[in-house]
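One structure is given below, encoded as structure tokens.
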2 protein chains.
Amino acid sequence: MATIKDVARLAGYSPATVSRAINHSGYVSRQATAKIQAVIAQLDYVPNDIARDLSQGRTANVGVVVPYLAHPYFTQVFNGILKAAFAAAYNVVLLQSNYDADRERGYLEQLHRRAFDALIFTSRAIPLAELAAAQKYGPIICCEDPGDYPLAAAYSKRTAAYRAAFSWIRTQGYQRVGLTFSRSAQLSATTRLTLATYTNSFGQAPAPENIRLGVTTFTDGYQAAQAWARLASQPDFIFSNGDDIAAGIRQFYVDHHLLVPPLMGQENQLSSRLLGLPTIDHHFERVGAAAFDLAASRQIARVPVAADLILR
Amino acid sequence: MATIKDVARLAGYSPATVSRAINHSGYVSRQATAKIQAVIAQLDYVPNDIARDLSQGRTANVGVVVPYLAHPYFTQVFNGILKAAFAAAYNVVLLQSNYDADRERGYLEQLHRRAFDALIFTSRAIPLAELAAAQKYGPIICCEDPGDYPLAAAYSKRTAAYRAAFSWIRTQGYQRVGLTFSRSAQLSATTRLTLATYTNSFGQAPAPENIRLGVTTFTDGYQAAQAWARLASQPDFIFSNGDDIAAGIRQFYVDHHLLVPPLMGQENQLSSRLLGLPTIDHHFERVGAAAFDLAASRQIARVPVAADLILR
DNA sequence: CCTTGCTATGGAACGCGTTCCATACGGTAT
DNA sequence: ATACCGTATGGAACGCGTTCCATAGCAAGG
């Protein structure tokens, strides 16, 4: 494996000049540039990224913590990060967490060791306080509103979107809204926020039997609908945490020749377009791209991304 | 940021001894170990991974080239890689290609620059010959049978699985089998292999109108069924390239109150279980894990993974 | 002719661990 | 007592670019 010294020797210049030639830092004569180019081509030389990283003190890698891949929220945010990172010549290291706080701590440790230049949490199990404290090891970006914590963040303006959605649902005259969530209010800030906004909009909290937890897929939606169908008093509207989930809910009613209640999904996936269901587009790709930009710029800023209520 | 020299100075030992203590390389007294541990804790010192990588000439990163995420084949293979990599304390760099050969070449270049220790292609646009040639830059693993090319590979034994599937379909008496594919035979070795096995099993190639290309999602399946429904002579069996796709095909017939033709999917996704459809489980997670093991061991070996025909 | 200011180039330090080699010491086998 | 061995430890080289600083040549300005 050729090194910059080999190139320097063969070209008859010093490593310093070769380095400047490669990086177009100026102060290299036409003649030297040409000779160095020729030798580089001859040796099939490319600089060693590890050495470059060491001397520059960075890796051009961002770590992205994701509980798991199989969820549109994560794939969308992740895709946004990926696109922005590619454009900025960064690589993306995918760090799966399964919502395991200790694994997340391991990734913070890797940040400390400079395995990546920044760490983006698309979601998390460890407390925000720990994230905030770990910033001494490097830039950390979360994808939710960090409240009082001084953390960089890119996130959907969920409150506004949910307020608009619930207001619209109420205007339509619905009273007993069924809600699906992936994680309990205890574990998930998003669940808490949704419930709080609901309570605020409707003047009371949703009835416990109208709340379904652990719902993340089409099938989960199907089963949630099945559970509701057994109730005496059924929801007259269902606000679900994803379009595919809404599709699963709908599917249950269709399969059982029941009247499909009015539904709303989230994330503007293909399924809601196909089925003509209203949804909320959180623009998670934008959230991801914004998260990356914060990571690359090392700014501790907040980028709330407006969500769109899509009625059909 | 504390360095190993700081630790050495404060502990009253040399950097060499500190390094040995950290890496448990032996030849460090109890006393020295204790003192060094204490100073490490006091300074909150962790070794700099970049420096370690440079001196060891590796990164503990594997690059994984994926055209896009939104496909069960890729998520399954990728998950297998992720699990195996985590177990081996490697990180995984996700490299999106969109089947763009030049982007793939860019990733080969990064391998050359030692941005990662090995490169896994879950699928590819560039010719195998180029992959084989690029091995001089580092270990490259592909996820298909590389034929005559001396490439490390982990892949599903598709031929055997397809032969079993087609044989079963023929035994059931079906004659006009509809087939869906993601990419044309020209672009995809898998498509070619499926068609060849079909031809071999049925004694003739499938009729062109029974082949649908560009099918990767539930919706694509729905539309493929729609196209078939317009034909005079319709397929009497449909062999699709994914369970969700089969589900989409089925959905079209259900929605239009048509008799659903017998179907077979692939990948043993949840949908085939729910709908009771036969499928082929290619065990792509195993393929991914095997691909990673090849990457980490730097062996140029082939690991064919047996696929299971699941009849229901 | 001299100062000023570029351009061009090289030497050497630097970033930060790892590891080879040499040295020293206490203990054991002969 | 001598040779030998294992443990313990440090010095220094090494991996490989990047970059600061110094030097030198040359042209324009005065």
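Order of the sequence lines sets the chain letters (A, B, ...), proteins ahead of strands, with each chain counted from 1.
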Contact nearer the 5' end of DNA chain C, comparing A/Arg30 with B/Ile22: A/Arg30
Once you round it to whole Å, what is the distance between [atom2] of [N] and [atom1] of [X]?
X	N	atom1	atom2	value
A/Asp6	D/dC16	CG	C1'	11 Å
A/Ile36	D/dG17	CD1	P	14 Å
A/Tyr27	D/dT19	OH	C1'	14 Å
B/His24	C/dT18	NE2	C1'	15 Å
A/Asn48	D/dG15	CG	P	11 Å

Stepwise side-chain contact (heavy atoms from CB on, under 4.5 Å) test for A/Val18 and A/Ser14: CA-CA 6 Å; A/Val18 175; A/Ser14 71; over 6 Å; no
Does [N] have OP1 or OP2 under 4.0 Å away from a side-chain N or O of [X]?
X	N	value
B/Thr3	C/dG15	no
B/Ser14	D/dG10	yes
B/Arg52	C/dT18	yes

B/Ala51 side chain, from C-beta outward: closest of D/dA12, C/dG15, C/dG17: C/dG17
Indicate, with a heavy-atom threshold strictly under 4.0 Å, whether [X] touches base, sugar-phosphate, or nothing.
X	answer
B/Ser19	base
A/Val28	sugar-phosphate
A/Asn23	sugar-phosphate

Cationic tip of A/Arg103 above B/Phe86 ring, under 6.0 Å, 45° of axis: yes
Most 5' of B/Arg20 and A/Thr17 on DNA chain D, judged by nearest nucleotide: B/Arg20
5′-ward residue of the pair B/Thr33/A/Lys5 relative to DNA chain D: B/Thr33
Donor-acceptor side-chain pairing of B/Asp53 and B/Thr59 below 3.5 angstrom: no
Pair B/Gln299, B/Ser297: side-chain N/O donor-acceptor within cut-off below 3.5 Å: yes
